[in-house]
Amino acid sequence: MISSSSSNRTPGQCDAVLSVGAADPTSSATTRSAVGPLRLPLKNPESFVARFNRIYASIGLSLQVAENSGSLVSNLNLQKTAMDTDITPESLREKKCVPCEGGVPLISAESAQQYLNSLTGWTLDDEGKTISRKVNAGNFVKAMAIMQQIADLAESEQHHPDLHLTGYRTLTIEMTTHAIGGLSENDFVVAAKIDTLLA
Ligand SMILES: C[C@H](O)[C@H](O)[C@H]1CNC2=NC(N)=NC(=O)C2=N1
């Protein structure tokens, strides 16, 4: 039975480790992983995790959810060290967004800070749910052209920013994952690719 350990959690929320390249996220063979809270469906959370692992095993992904609080803490610390060294502008640009209608890991504000180190000019909002970058495009026509480039990128990734053009040339780009009401790795992947567009 999957249970969430802490009383301030919303229903269905647990700690989870998502690994690439190893079935056992605590194994030294694990090369890449992301950790953080995950909101599970309230009905049949076990079958959600089992189905996730069946579907994504073919591309080396595995999801592990904490059964209780204590045991995962040391694993999380171990994974966090591995994850911090994995995030680079290059590694983010190489990734492709994961189709998302919920069920992707939510990235904590603390992990978001690690990701931000690989981006240019992006800031995290106070709630830790959105990252944004403000750009002076020079003039209105250039701002519109940048918006179109970002739109093409977002379509190819199937992950979309909120774009605000104000004061005729100031573009504010916001990334959040609407399906989970916060940040997922998709936001940082698109942000890194936008950085390349703007460089
Ligand atoms: C299936 C498809 O990936 C989803 O509907 C996408 C589309 N683009 C999206 N973009 C963003 N920013 N958040 C989402 O949750 C989202 N959902």
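In what follows, every heavy atom counts, from backbone to side chain, and hydrogens, waters and symmetry copies are set aside. From a predicted model like this one, the values you see are computed outputs, not experimental measurements. Ligands are counted one by one from 1 in listed order, and the atoms in each one are counted from 1 as well.
- Neither the backbone nor the side chain of Met175 has any atom closer than 4.0 Å to an atom of ligand 1 (non-hydrogen atoms only).
- When hydrogens are left out, the protein atom nearest atom 5 (O) of ligand 1 is Cys100 O, 3.9 Å; that is the closest non-hydrogen contact.
- Salt-bridge check for Arg133 with Asp195: passed, with a basic side-chain N closer than 4.0 Å to an acidic carboxylate O.
- Using a 4.5 Å heavy-atom cutoff, the side chains of Met147 and Leu171 are in contact.
- Comparing Glu174, His159, Glu101 against atom 16 (C) of ligand 1, the shortest heavy-atom distance belongs to His159.
- By the 4.0 Å heavy-atom criterion, Thr176 is counted among the residues contacting ligand 1.
- For atom 10 (N) of ligand 1, the closest heavy atom belonging to the protein is His160 N, 3.0 Å.
- For Asp125 (side chain) and Thr130 (main-chain N/O), a donor-acceptor pair under 3.5 Å exists by modelled atom type.
- Polar contact with ligand 1: present for His178 (N/O pair, distance under 3.5 Å).
- Note: no N/O pair closer than 3.5 Å links Asp187 and ligand 1 by distance alone.
- Closest to atom 15 (O) of ligand 1, if we only count protein heavy atoms, is Ala179 N, 2.9 Å.
- Proximity to Thr177 (heavy-atom distance under 4.0 Å) selects the following atoms of ligand 1: 13 (N), 15 (O).
- Looking at every heavy atom in both residues, Gly103 comes nearest to Phe48 through CA-CZ, 3.8 Å.
- The shortest side-chain heavy-atom distance between Leu197 and Lys193 does not fall under the 4.5 Å cut-off.
- With a 4.5 Å cut-off on side-chain heavy atoms, Ile107 and Thr177 do not count as touching.
- Atom CD1 in Ile173 sits 5.0 Å away from atom CD1 in Ile194 (nearest 0.5 Å).
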